[in-house]
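Please read all numbers here as calculations on a predicted model, not as lab measurements. Throughout, residue positions are numbered sequentially from 1 according to the sequence presented.
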Amino acid sequence: MRIVKLTQETEKNILENMLKRSPGQYGEYESRVQEILDRVKEQKDEAVFHYTKQFDRADIGPENVRVTDQEIEEAYRQVDPELLQVMKKALENIRSYHALQKQNSWFESTEKGTMLGQKLTPLKTVGVYVPGGKAAYPSSVLMNIVPAKVAGVDRIIMCTPCNVRGQVNPIVLAAAKEAGADEIYKVGGAQAIGAMAYGTESIPKVDKIVGPGNIYVALAKKAVYGHVSIDSVAGPSEILVLADETANPRYVAADLLSQAEHDELASAILITTSQELARQVNDQVEEFVKVLERREIIQKSLDQFGYILVADTMEEAIETANEIASEHLEIVTRNPFEVMTKIRNAGAIFIGEYSCEPLGDYFAGPNHILPTNGTAKFFSPLSVDDFMKKSSIVYYSREALADIQQDIRKFARSEQLTAHANSIAVRFEEEE
């Protein structure tokens with residue numbers, strides 16, 4: 001990894017380099033994605049099955065696009081029973097954590113005859129996209145479906161690619177069943193996003209689409225936003241470790257590589273106040289890369305987006321961490337809780353040397369669908385809130401409105417909206 005002295009110039013260069021990873025930088029794919037979406041919108045099932053045959057080489061039609069109960073039962077027979085028990089434990093942790101997020105409707109009344117409030121309503125239908133290309137991600141299945149279930153969503157459908165024989169990964173199917181998916185469809189890519197956004201003869205239109213995917217999926221979600229809601233346009237994974245001389249270099253190196261192995265565009269950054277730790281971590285990284293299975297992907301990731309930054313002070317390190325606004329942030333310092341209070345921008349914060357990032361990916365309970373590419377400055381992790389909508393409640397009695405009717409009419413006339421003023425005035429015209 002590159003060991004770089006942290007300055008304003010190096011910080012600027014790193015931020016510019018990180019932005020190259022954003023899905024918004026891949027404009028050459030947008031026209032192709034739009035072509036797929038337009039065709040799905042117009043031809044519906046016909047287009048979906050055409051693209052499934054073209055991209056996944058699977059013969060899928062109305063008769064077999066939906067996963068059957070028998071296929072799910074067969075999937076359970078293929079899943080390692082011990083892995084299934086692990087998923088059940090993780091599921092319970094995820095459910096318990098998200099249950100604490102759930103808000104209730106509220107109302108407040110006064111003696112003057114007014115009532116104001118907020119009514120919370122779960123979304124009716126949600127679509128979950130689960131990638132199925134290079135690997136299976138049952139953990140993402142749990143993280144996307146569970147908060148929707150906790151929120152009370154009526155209907156959760158899931159789309160995921162199948163293999164050439166029309167089969168879905170059995171671990172993914174078992175995870176979906178455990179989490180509570182109502183319907184599962186064997187469709188992937190941009191065509192799946194189009195199907196859920198517009199609806200087809202076989203796949204229902206949803207209110208919101210959530211879940212990660214490749215660049216085609218990310219751009220498709222971006223394109224259909226407005227027809228439906230989406231969670232976010234996610235970019236490649238990233239980790240930032242804040243560490244001082246007390247950190248264990250072997251632990252830090254292992255954690256950096258846990259994200260670098262995702263893909264070539266993943267980012268792994270260490271910011272430390274210790275030149276010696278920087279050197280030791282770099283040595284450990286080199287040793288790990290030699291033996292890890294995904295070494296080619298890891299090396300490309302580190303070559304492009306891997307950095308070890310040496311700061312003069314922890315305050316300088318924290319300031320840079322807030323500017324980068326990483327998806328995952330680990331704090332491995334002498335006083336990690338004190339440092340945590342100074343962090344403004346991060347998707348998930350892991351405190352102390354035993355709170356490693358994979359703990360959050362799989363088991364602890366908080367959601368691992370997190371803002372990337374600096375969007376942690378204004379976005380939050382996926383939560384129960386993402387599957388709820390809020391309606392304002394307003395009630396005024398005649399007496400309560402009478403007290404303020406002249407104020408409203410004056411305000412409306414100041415904007416030359418006389419019909420607004422008249423809507424108030426007609427209720428009191430017999431008194432004038």
Side-chain angles (χ1 to χ4, degrees), residues 1-4 6 10-11 13-23 25-26 131 133-137 139-140 212-215 218 234-243 247-272 277-310 317 320-321 324-332 346-350 353-363 368-376:
M1 295 179 71
R2 287 160 290 188
I3 300 179
V4 180
L6 180 57
T10 57
E11 178 185 303
N13 291 338
I14 289 169
L15 290 172
E16 290 177 352
N17 192 37
M18 296 278 283
L19 286 175
K20 296 176 184 177
R21 305 157 58 251
S22 169
Q25 300 296 313
Y26 292 84
K134 296 179 181 178
Y137 298 103
S139 59
S140 285
N214 62 18
I215 187 64
S237 188
E238 54 201 31
I239 185 171
L240 190 153
V241 179
L242 269 178
N248 183 316
R250 189 167 176 82
Y251 295 175
V252 172
D255 293 356
L256 291 170
L257 299 184
S258 73
Q259 294 308 289
E261 77 168 342
H262 270 292
D263 66 52
E264 294 88 345
L265 296 177
S267 169
I269 299 174
L270 165 64
I271 308 180
T272 180
L277 180 73
R279 184 191 61 77
Q280 292 175 340
V281 169
N282 188 54
D283 291 344
Q284 290 290 330
V285 165
E286 290 180 358
E287 291 302 313
F288 276 130
V289 171
K290 293 176 184 177
V291 298
L292 291 170
E293 292 182 5
R294 294 166 68 88
R295 65 181 67 89
E296 291 185 8
I297 292 174
I298 291 172
Q299 194 59 61
K300 288 181 180 178
S301 168
L302 296 179
D303 289 345
Q304 295 181 94
F305 304 107
Y307 298 93
I308 297 177
L309 304 177
V310 181
T320 300
I324 293 173
S326 185
E327 177 188 19
H328 307 99
L329 172 66
E330 291 187 5
I331 303 174
V332 194
I349 303 172
F350 300 81
E353 65 180 2
Y354 292 103
S355 304
C356 53
E357 190 279 336
L359 172 66
D361 267 356
Y362 295 108
F363 211 78
H368 78 198
I369 310 297
L370 303 167
T372 57
N373 274 109
T375 60

Non-neighbouring partners of [X] that pass salt bridge (charged side-chain N to carboxylate O under 4.0 Å, His left out), sequence neighbours left out:
X: Arg295; value: none
X: Glu293; value: none
X: Asp303; value: none
X: Glu330; value: none

Do side-chain atoms of [X] reach the backbone of [Y] as a donor and acceptor pair under 3.5 angstrom?
X: His368; Y: Asp361; answer: yes
X: Asp263; Y: Ile297; answer: no
X: Glu238; Y: Glu327; answer: yes
X: Arg2; Y: Leu309; answer: no
X: Ser301; Y: Ala266; answer: yes

Can you confirm whether [X] sits close enough to [Y] that some side-chain heavy atom of one is under 4.5 Å from a side-chain heavy atom of the other?
X: Glu357; Y: Asp255; value: no
X: Pro236; Y: Ser267; value: no
X: Leu257; Y: Leu302; value: yes
X: Tyr251; Y: Val332; value: no
X: Ile324; Y: Met18; value: yes
X: Asn13; Y: Glu16; value: yes
X: Cys356; Y: Ser258; value: no
X: Phe288; Y: Arg250; value: yes

Mind listing the closest non-hydrogen atom pair of [X] and [Y] along with its distance?
X: Ser326; Y: His328; value: OG-O, 2.9 Å
X: Asn373; Y: Gly235; value: OD1-CA, 3.6 Å
X: Gly347; Y: Ala376; value: N-CB, 3.7 Å
X: Ile369; Y: Ser140; value: CD1-OG, 4.4 Å
X: Ala247; Y: Leu277; value: O-CD1, 3.6 Å
X: Asn282; Y: Met1; value: OD1-N, 2.7 Å

Those residues that, when tested against Asn248, pass side-chain hydrogen bond (donor to acceptor under 3.5 Å, both in side chains) (two or more places apart): none

For Thr320, give me all partners under side-chain hydrogen bond (donor to acceptor under 3.5 Å, both in side chains), at least two apart in sequence or on another chain. Glu11

So how far is it from [X] [atom1] to [Y] [atom2], rounded to the nearest 0.5 Å?
X: Gln299; Y: Lys290; atom1: CD; atom2: NZ; result: 11.0 Å
X: Ile269; Y: Leu242; atom1: CD1; atom2: CG; result: 10.5 Å
X: Ile349; Y: Leu240; atom1: CD1; atom2: CG; result: 11.5 Å
X: Tyr307; Y: Asn17; atom1: OH; atom2: CG; result: 3.5 Å
X: Leu256; Y: Ile239; atom1: CG; atom2: CD1; result: 6.0 Å

Might you confirm whether atom CD of Glu296 has over 12 heavy atoms from other residues, nucleotides or ligands at distances under 6.0 Å? no

